[in-house]
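Worksheet: the structure to be examined is printed underneath.
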There are 2 protein chains.
Amino acid sequence: MSNLGIGQLAKRAGVAIDTVRYYERNQLLAPAGRLASGYRRYGESELKRLRFIRRAEALGFTLEDIRGPLSLSDERNVAKVKRAAEAKLTDIEQRIAELQRIRKGLRTLITACPGHGRAEACPILNALTQENPR
Amino acid sequence: MSNLGIGQLAKRAGVAIDTVRYYERNQLLAPAGRLASGYRRYGESELKRLRFIRRAEALGFTLEDIRGPLSLSDERNVAKVKRAAEAKLTDIEQRIAELQRIRKGLRTLITACPGHGRAEACPILNALTQENPR
DNA sequence: CTTGACTCTGGACTATGGTCCAGACTGCAG
DNA sequence: CTGCAGTCTGGACCATAGTCCAGAGTCAAG
């Protein structure tokens, strides 16, 4: 271990090989060391970084966030990381609120719709069709 | 009214001209009638359809949903429309649940993070870095 | 008839996060 | 040494929902 080809690294991190190269191209991963042949070589630190990225994604961070506030060089900057997490939380809360608004609308319409009969009796169609849907 | 150019139609429906043409290209709108010059002409029904599409989008339907279950030919099929609305509700609820899971994780980490000091004392960084984050 | 606004077309481009491909080269086991 | 698996590169492509552009043609007011 700790001297991995790109295939082994990808497998251990649970990502595709192309994803590793994509991350390198997009500065999420530092350029890998190379063998004389040009083959990339990785150690434990790259594996950790890759797992770091995956966990950050699972917390709702975009790759752009990870490139920026959560970048390699900032992994030790606690204050910046906390601010990034707070900003992301605000963002997530707004998305939840928006989806809840949509859910409420759908629930209201579904409850009121008999599921058969004339289109004019279907509140879903009416809501979509009328000038002032409610 | 009821004999509109694409510009008037777009303005009344509150969308961009390019969006109207995009919808036509993608079968969300039937091919428009044409003048001898090739200019598209629209009436009230197209305006209604366009507004229908916009409202459906606001309820979380994708253009693919609108092309399918909410297509022009199905606007009168109450049972199908209700099923589509129910499926969309389920979808929205799953997205909400996922975001709530993420929100919970972020809140826990933010609350526990002092916002300064050693990186090792920052639960956000620990969660992202460690093998078994919690 | 001129002028400016409107419209036409096909195709390129945006952001996001990758995925896939061809053609060439390398590493390693037998 | 052969052969197969692994890797290299640059670039094309996916979905989503449009947006923008150039170059050409058209409509309507004055």
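Heavy atoms only: backbone and side chains are in, while hydrogens, waters and symmetry mates are out. Treat the numbers as computed from the prediction; the structure is a model and nothing was measured. A note on names: the letters A, B, ... follow the listed sequences, proteins ahead of strands, and every chain is numbered from 1.
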Between [N] atom [atom2] and [X] atom [atom1], what is the distance in whole Å?
| X | N | atom1 | atom2 | value |
| --- | --- | --- | --- | --- |
| B/I66 | D/dA17 | CD1 | C1' | 11 Å |
| B/E64 | D/dG18 | CD | C1' | 16 Å |
| B/N26 | D/dG18 | CG | P | 10 Å |
| B/R25 | C/dG10 | CZ | P | 9 Å |
| B/I6 | D/dT19 | CD1 | P | 13 Å |
| B/Q27 | D/dT16 | CD | P | 14 Å |
| A/F61 | C/dG17 | CZ | C1' | 17 Å |
| B/Y22 | C/dA12 | OH | C1' | 15 Å |

Item to check | Residue pair A/L50 / A/Y42, side-chain heavy-atom distance below 4.5 Å | outcome: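 Answer no - side chains too far apart.
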Item to check | Heavy-atom check, side chain of A/V15 versus side chain of A/R54, under 4.5 Å | outcome: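 Heavy-atom side-chain distance check passes, below 4.5 Å.
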Item to check | Under 4.0 Å protein heavy-atom contact, by nucleotide of nucleotides 21-28 of chain C - B base, S sugar-phosphate only | outcome: -----BS-
Among [options], which nucleotide sits nearest the side chain of [X]?
| X | options | value |
| --- | --- | --- |
| B/E57 | D/dC8, D/dA17, C/dT7 | D/dA17 |
| B/R34 | C/dG17, C/dT19, C/dC8 | C/dC8 |
| B/L63 | C/dT7, D/dG18, C/dG17 | D/dG18 |

Measuring to OP1 and OP2 of [N], would you say a side-chain N or O of [X] lies under 4.0 angstrom away?
| X | N | answer |
| --- | --- | --- |
| A/R40 | D/dC8 | yes |
| A/Y23 | C/dG18 | yes |
| A/R67 | C/dT16 | no |

Next on the checklist: Pick the closest DNA chain C nucleotide for A/A16 and for B/Q8 by heavy atoms, then say which residue is nearer the 5' end.
Outcome noted: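 By nearest-heavy-atom nucleotide position, the 5'-most residue is B/Q8.
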Checklist outcome for this item: Closest non-hydrogen atoms of A/P123 and A/P114, given as atom of the first, atom of the second and distance, are CD-CD, 4.2 Å
Item to check | Separation of B/Q8 CD from B/R41 CZ (nearest 0.5 Å) | outcome: 7.0 Å
Checklist entry - Once you round to the nearest 0.5 Å, how far does CD1 of B/I6 lie from CG of B/D18? => result 8.0 Å
Item to check | Polar side-chain atom of A/R107 near backbone of B/L89 as donor-acceptor pair, under 3.5 Å | outcome: no
Checklist entry - With sequence neighbours excluded, what pairs up with B/A121 under the side chain to side chain contact (heavy atoms under 4.5 Å, CB included) test? => result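 With neighbours one apart ignored, the set is B/R118.
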